[in-house]
Asks: 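Before I ask anything, let me first share the structure, which is written out below as structure tokens.
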Amino acid sequence: MNLTNSLVIKFKFRGNFITTPFLLHSNFSTNRSMLPKITNLNHALNLFDEMSQRRPLPSVVQFNQLLHLVTKMKHFSSSLHLFNQMCSLGVPVNEYSMSIAIKCCCQLNHTKDGFALLGSCFRRAIPPDVYIFSALLDGLVIEDKIFEAEMLFKKLVKQKLCEPNVVMYNTMIKGLCKFGNNVTAVALLRLMEQKNCQPSIITYSTIIDSLCKDRLIDDAFKLFKEMVFEKRILPNVITYTSLIRGLCNIGRWDEASNLLKEMEDENISPNVQTFNVLVDAFCKEGKVEEAEAVINIMIERDKAPDLVTYSSLIDGYCLRGEMIKAREIFDSMTLRGLVPNVVTYSSLLNGYCKNRNIEEAMQMFRQMTRQGLKPNVVTYNTMLQGLFQVGHCVAARKLFDEMHAQGLIPDHCTYRIVLDGLCNNHLVEDALSLFHLLGDAKLNYDIFVYSILIDGAGKCGKFHIARNLFHDLIDKGLQPDVRTYTVMINAFCQEGILHDAKHLFLKMEECGYPPNNVTYCVLLQGYLKNKHCDDVEMLLQEMGDRGYSLDASTLSLFIDHIAAGLLDRSMLKLLGKLVPKELLNDPRLCDWE
DNA sequence: ATAGGGTTAG
């Protein structure tokens with residue numbers, strides 16, 4: 001390794017950065033032997049000790065270099081500690097030292113401390129620069145304080161406290177994307193062009209990734225083309241990986257495969273993460289053989305599968321109910337030098353739970369704790385759902401309390417799982433009192449929660465409660481979605497109030513939420529069960545026009561009605577058009593048409 | 001210094 005090349009220091013020269021090889025002479029001899037060797041934290045800490053004992057003290061530049069190295073290794077708390085020691089030693093810290101210290105606070109989720117350090121910049125007469133503000137902005141984004149982030153950004157621009165550079169724009173764009181605000185993200189991209197700050201591949205990749213996550217794949221490609229053909233920015237492996245994932249997620253496999261070819265033609269090799277996207281996509285479709293084939297290619301190409309790869313594969317086998325195979329992969333990971341983490345465990349636990357093997361799930365849950373892994377909210381959610389599914393409500397309650405004792409805060413998923421679990425185990429009263437007890441502003445404004453409770457109340461014959469909940473959510477200004485309408489229609493049908501069911505069915509369309517397959521089936525079942533057959537034929541016709549099909553239980557009900565002479569056999573022809581392929585081999589349908 | 005991966009939800 002060439003020492004001269006590896007030790008490059010940036011000198012500020014007439015306001016421009018120029019890079020100059022840092023020539024090493026006698027007084028830097030210790031540097032020469034130590035700095036390039038720094039590969040881990042201990043080396044860095046030892047060097048710091050050694051440096052702080054030298055007299056005179058090394059310059060702030062040398063300390064900053066070391067600080068920068070430690071930060072690069074992501075040892076943020078150590079870096080902060082060193083910064084504090086620098087201050088105690090009397091090293092005249094500058095804006096670079098401050099920016100590193102602030103960056104560390106922000107990356108540690110202590111943006112507040114970062115702002116405190118900003119205050120100390122002013123006290124030390126160090127004018128904060130764009131790096132410092134970018135670090136703070138990123139901290140706010142990391143902590144999901146998007147409103148504060150936007151305020152800071154606007155304030156910096158308006159009061160001309162600093163001229164945003166491409167990194168700062170990218171950070172703000174990342175924040176907007178994180179909150180699904182793609183429109184403003186693109187607007188900011190346009191603003192930076194207008195201000196002559198050229199967007200980079202990072203700017204484009206950030207927005208492209210966000211559009212892909214929101215399934216706006218065509219918009220993503222529009223931006224991709226703009227980047228390549230207008231801006232002449234070459235896409236890299238990250239850009240391609242985002243697009244391939246976007247395509248896989250919406251099932252556009254051929255295009256994903258073409259894009260993979262395209263990127264290889266451009267001499268951009270897929271990396272572990274690109275392959276992971278493919279493995280995950282195959283596994284989510286239950287195509288574990290294909291996933292295994294991808295993994296073999298990874299091994300051939302020296303792109304060692306990692307925890308993510310195997311977690312996806314475990315998911316794939318769990319989805320197919322092949323728990324022995326899933327467990328085999330889990331157990332063999334250690335042999336490959338990979339130690340399962342909380343996510344891997346959660347995947348396996350979810351598999352056991354979904355396949356109703358709660359005993360094995362419980363055992364593994366305890367095993368992970370013994371191995372020193374702390375279950376997180378997702379792990380508890382998985383277990384809670386598993387326990388409710390097999391009706392172990394008392395055990396679920398115990399686990400819920402345990403979660404609390406561990407200092408974990410239940411999230412939206414937790415409440416949805418618990419409320420749904422209680423409803424499905426005929427404990428609607430408990431669900432409702434929990435809902436009212438919580439009174440949590442967020443929970444009370446969660447449309448999913450309302451759907452769960454309305455469904456639960458309706459199915460337990462507590463119709464008035466279901467209807468009150470529906471009015472309640474309207475009063476709060478919540479917008480019911482297709483599921484909310486559907487469960488409410490179901491509740492009306494069960495109560496035999498078909499007039500209101502039909503009214504709501506028509507209303508949802510007016511409100512921009514057209515009924516789906518399930519809604520039609522629910523209403524049809526309601527009509528049949530209540531022997532109210534006037535609209536049935538029309539509804540079936542509409543379903544055909546919309547390309548919908550009947551589910552197994554609705555179809556069964558129709559056949560029973562026809563067999564009992566309650567419906568005319570002429571309806572069979574219409575029904576035949578609405579039978580999904582997988583139901584066509586039902587023996588009862590043999591004499592159709 | 002800024003961008004991409006894995007677990008839960010009706």
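Residue numbers begin at 1 in each chain, while the letters A, B, ... track the order of the sequences. Every heavy atom of this structure was used, including side-chain atoms; hydrogens, water molecules and symmetry mates were not. On a predicted model such as this, the values are computed, not experimentally measured, just so you know.
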Asks: Quickly work out the Leu453(A) CG to dA9(B) P distance and round it to whole Å.
Replies: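 Interatomic distance, CG of Leu453(A) to P of dA9(B): 18 Å.
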
Asks: Please report whether the ring centroid of Phe435(A) lies less than 6.0 Å from that of Tyr450(A).
Replies: yes

Asks: Going by the rule side-chain hydrogen bond (donor to acceptor under 3.5 Å, both in side chains), which residues pair with Thr239(A) if we only count those two or more places apart in sequence or in a different chain?
Replies: Ser205(A), Asn236(A)

Asks: For residues Tyr169(A) and Phe153(A), establish whether the separation of their ring centroids is below 6.0 Å.
Replies: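 Yes, they do, as the ring centres are separated by less than 6.0 Å.
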
Asks: May I ask you to verify if any side-chain N or O of Lys174(A) is less than 4.0 angstrom from the OP1 or OP2 atom of dA3(B)?
Replies: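 Yes, Lys174(A) has a side-chain N/O under 4.0 Å of OP1/OP2 on dA3(B).
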
Asks: Taking 4.0 Å as the cut-off, does a side-chain nitrogen or oxygen of Gln385(A) come that near to OP1 or OP2 on dG10(B)?
Replies: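 The answer is yes; a side-chain N or O of Gln385(A) sits under 4.0 Å from OP1 or OP2.
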
Asks: We want to know whether Glu226(A) and Tyr204(A) form a side-chain donor-acceptor pair, criterion being a heavy-atom distance below 3.5 angstrom.
Replies: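 On atom types as modelled, these side chains qualify, holding a pair under 3.5 Å.
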
Asks: What nucleotide, of dG10(B), dT2(B), dA3(B), holds the atom closest to the side chain of Lys103(A)?
Replies: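 Nearest nucleotide to the side chain: dT2(B).
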
Asks: Within the 4.0 Å heavy-atom criterion, would you say Ser134(A) contacts the bases, only the backbone, or no part of the nucleic acid?
Replies: nothing

Asks: Assess Lys284(A) against Trp253(A): is NZ or CZ under 6.0 Å from the centre of the six-membered ring, and within 45 degrees of the ring's axis?
Replies: no

Asks: Checking only heavy atoms, does the side chain of Asn271(A) share a donor-acceptor pair with the base of dG4(B) at less than 3.5 Å?
Replies: yes

Asks: Between dG4(B), dA9(B), dT7(B), which nucleotide gets closest to the side-chain atoms of Val237(A)?
Replies: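 For the Val237(A) side chain, the nearest candidate turns out to be dG4(B).
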
Asks: What is the distance, rounded to the nearest whole Å, between atom CZ of Arg245(A) and atom C1' of dG4(B)?
Replies: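 In whole Å, dG4(B) C1' lies 6 Å from Arg245(A) CZ.
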
Asks: Report yes if a side-chain nitrogen or oxygen of Lys178(A) is closer than 4.0 Å to either non-bridging phosphate oxygen (OP1 or OP2) of dT2(B); otherwise report no.
Replies: no

Asks: If you only use heavy atoms from C-beta on, which nucleotide in dG10(B), dG4(B), dT8(B) is closest to the side chain of Lys213(A)?
Replies: dG4(B)

Asks: Consider the side chain of Asn341(A), meaning its heavy atoms from C-beta on, and name the nucleotide among dA3(B), dT8(B), dG6(B) that approaches it most closely.
Replies: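 For the Asn341(A) side chain, the nearest candidate turns out to be dG6(B).
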
Asks: Quick one: ring pair (Phe, Tyr, Trp, His ring centres under 6.0 Å) partners of Tyr352(A), sequence neighbours excluded?
Replies: none

Asks: Quick one: Leu348(A) CG to dT8(B) P, roughly how many Å, whole number?
Replies: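 Rounded to the whole Å, the gap is 12 Å.
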
Asks: Measure CE/Met383(A) against C1'/dT7(B) and give the value in whole Å, please.
Replies: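 My rounded result for the distance is 14 Å.
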
Asks: Tell me: CD1 of Ile329(A) to C1' of dG6(B), nearest whole Å?
Replies: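 Taking atom C1' of dG6(B) as the reference, CD1 of Ile329(A) is at 14 Å.
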
Asks: Just compare dG6(B), dA3(B), dT8(B) and give me whichever is closest to any side-chain atom of Cys413(A).
Replies: dT8(B)

Asks: Given the structure, check if the side chain of Asp446(A) and the base of dG10(B) hold any donor-acceptor pair shorter than 3.5 Å.
Replies: no

Asks: In terms of side-chain heavy atoms of Asn236(A), which of dG4(B), dG10(B), dA3(B) is nearest?
Replies: dA3(B)

Asks: Lys374(A) NZ to dT7(B) C1': how many Å, rounded?
Replies: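 After rounding, the reported distance stands at 18 Å.
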
Asks: What is the nucleic acid contact for Ile452(A), judged by heavy atoms within less than 4.0 Å: base, sugar-phosphate only, or nothing?
Replies: sugar-phosphate

Asks: Provide, to the nearest angstrom, the distance between the CG atom belonging to Leu307(A) and the P atom belonging to dG6(B).
Replies: 13 Å

Asks: Side chain of Asn170(A), heavy atoms from C-beta onward: which of dT7(B), dA9(B), dT2(B) has the nearest atom to it?
Replies: dT2(B)

Asks: Can you check the Ile447(A) CD1 to dG10(B) P distance for me, whole Å?
Replies: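 Checked: the CD1 to P distance equals 15 Å.
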
Asks: Identify which nucleotide among dG10(B), dT8(B), dA3(B) has an atom closest to any side-chain atom of Asp481(A), counting heavy atoms from C-beta outward.
Replies: dG10(B)

Asks: When you measure from the side chain of Asp315(A), which nucleotide among dT7(B), dG4(B), dG10(B) comes out closest?
Replies: dT7(B)

Asks: With respect to the phosphate group of dG6(B), does any side-chain polar atom (N or O) of Asn276(A) fall under 4.0 Å of OP1 or OP2?
Replies: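 No, outside the criterion.
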
Asks: When you measure from the side chain of Thr171(A), which nucleotide among dG6(B), dT2(B), dT8(B) comes out closest?
Replies: dT2(B)

